[in-house]
Amino acid sequence: MKEIYIGAGVGVFIFLAAVGFNVVPLALFILVMGGFIYFIQTQGQIKFNDVSRGVKSGQIISFDDIGGQDSAINELKEALEFLVKPDVIQRMGIRPLKGILLVGPPGTGKTLLARAAAAYTSSVFIATSGSEFIEMYAGVGAKRVRQLFLDARKKAARENSRSAIIFIDELDVLGAKRGKHSGHMEYDQTLNQLLVEMDGITPDEDPRILLVGATNRVDLLDPALLRPGRFDRQVQVGLPDKEGRRRILSIHTRNKPLRSPEVLDEIAAATFGFSGAHLESLANEAAILAMRENSPTVESVHFTEAIDKVLLGEKDSRKPNRQEIERVSYHEAGHALVSEMVSPGSVAYLTIIPRGGALGFMRKSSHDDQYLYTRMELEKQIMVTLAGAVSEELIYGDRSTGARNDFSQAWQTAREIVQSGLSSLGVVSIDDLPDHMLYEECWKVINEMECKTRQLLSERLPQLRKIAVVLLDEESMDQTRFQALLN
Ligand code: ATP
């Protein structure tokens, strides 16, 4: 058919030229249109990241390579039964799953789980991200969705696999509620196409297709995606607890010469709130620091310094002047002293070496993960946060801009007190609370804590001076040194 059209076109062209018609503008028009159509078509083509059976950089990812996600792994395995035991599922008349949604913060191992699922079920694995479907040209996203499913089926056939797992990271970019975007027609078309493809998945299809989506904003997803028969299984992939962090650290230090494996317990305890990705980076940074020091093994100090690097970034090349450094010493000494007063043993490390935009910082030690706080604990946090500025004020008679972040953190904690119904306002709905009432209540809490902090520090000025002077001289101090100074 194509040949007939081309032949007819060329014939008409020659005829027009023969009867004296100027064919140059027509030829130009056809050339431009052809180029445009070709451009639009190639925009729809995309090479999805196709990885065979959970293999990443030549290494097969299994569930044993994922730490701190035991309940997510169990839930996922249960959902994958229909790919592992298709005959039983068919005999029992069970409707197989079409989609599993992994929900959790960045870097917690959602991609790893999807890869491990592919290895576990001997499925081919194709990975992509929601943002790869978003283009300014109408129809391109929908075309890419069709191509994605086609690629998965082709790849499974090529590799003689009976199933394929399609992983879509950042599903919220592609699957956000319809009608909400400014260029919403294109977004809606893309999502509609995904729904159509999901509906087209049948139980007896060979290869069987399973969609695994990942997001940390499940609230943004279109309800049509979440209804039974589509992404009807949600697996929570949260931040790891202490035991989980220990396991992740041991996974990522398997190939590193550790001075003693016990150090990992200490590091796991000190890294509350770290994701798997943070911990991987931490293990890597510790090994880099050991290498720079020509140390044959990675030791506790390397891990501790790596925590600061992962939390705050590289050491700064900025050199504050002498007065600034002195002020920072008093600021940090203030934080540390109040922290020690309100919760003994809570100061892990203190430094005035600038890093990641901060001129100094104090790291607290944490031994047990904590998820609930009482009002008193939150108040203590506010006192520690305000102590830097109060200390500057007691020593110099004024404050500096260095406390800006501390204040916003203190304000955030005060807000938490009000929001959780722990303030004098009692139980409140933060959305219905007038702004001025919220402001006044937060201010009251902060003001009260500021007075307490001032009193605490002014009673301990000699200790404050002592810590600051030593810190100025030694630049950093760990828990043992700090305790020795206080005693
Ligand atoms: P995002 O939502 O940002 O895409 P993600 O949840 O998909 O993140 P991954 O890409 O799976 O996170 O993890 C990034 C890296 O962090 C992994 O390659 C791995 O090195 C490490 N990592 C994350 N979580 C874990 C874990 N639970 N166990 C072991 N390593 C982990």
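Start at 1 and go down the list; that is how both ligands and their atoms are numbered.
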Please indicate whether Gln236 has more than 12 foreign heavy atoms, meaning atoms of other residues, nucleotides or ligands, lying under 6.0 Å from its CD.
yes
Should Arg246 and Asp241 count as an ion pair when the cut-off is N to O under 4.0 Å?
no
For a quick check under 3.5 Å, do Glu75 and Gln234 share a side-chain donor-acceptor pair by atom type?
no
Using heavy atoms and a threshold below 4.0 Å, how should the contact between Ile248 and ligand 1 be classified: side chain, backbone, both, or neither?
side chain
Atom indices of ligand 1, in the order listed, that fall short of 4.0 Å to a heavy atom of Asp169
4 (O)
Which of the atoms in ligand 1, numbered in the order shown and given with their element, are less than 4.0 Å from a heavy-atom of Pro106?
2 (O), 3 (O), 8 (O)
So which bit of His252 gets within less than 4.0 Å of ligand 1, heavy atoms only: side chain, backbone, both or neither?
side chain
If I apply the N/O under 3.5 Å rule, does Ile66 come out as touching ligand 1?
no
For the residue pair Phe167 and Phe125, categorise the inter-ring angle as parallel (less than 30°), tilted (30 to 60°) or perpendicular (more than 60°).
parallel
Could you tell me whether ligand 1 has any atom less than 4.0 Å away from a heavy atom of Asp65?
yes
Go through ligand 1 atom by atom and flag the ones less than 4.0 Å from a non-hydrogen atom of Lys110.
2 (O), 5 (P), 6 (O), 7 (O), 11 (O), 12 (O)
Looking only at N/O atoms, are Gly67 and ligand 1 under 3.5 Å apart anywhere?
yes
Applying side-chain contact (heavy atoms from CB on, under 4.5 Å), name anything that partners Glu475, two or more places apart in sequence or on another chain.
Ile352, Ile353
Numbered atoms and elements of ligand 1 in range of Ala277, under 4.0 angstrom, heavy atoms:
16 (O), 21 (C), 22 (N), 23 (C)
Asp199 with Arg230: basic N within carboxylate O range, under 4.0 Å
yes
Can a non-hydrogen atom of Arg247 be found less than 4.0 Å from any atom of ligand 1?
no
Going by distance only, is there an N or O of Thr111 that falls short of 3.5 Å from an N or O of ligand 1?
yes
Would you call the rings of His335 and His331 parallel, tilted or perpendicular, where under 30° means parallel and over 60° means perpendicular?
perpendicular
Any atom of ligand 1 sitting under 4.0 Å from a heavy atom of Gly68?
no
Is the closest heavy atom of Ala214 to ligand 1 under 4.0 Å?
no
Residues which pass salt bridge (charged side-chain N to carboxylate O under 4.0 Å, His left out) with Arg363, listed by chain and number, not counting sequence neighbours:
Asp308
List the steps and the verdict of salt bridge (Lys or Arg N to Asp or Glu O under 4.0 Å) for Asp151 and Arg146.
CA-CA 9 Å; Asp151 281 3; Arg146 277 195 299 276; over 6 Å; no
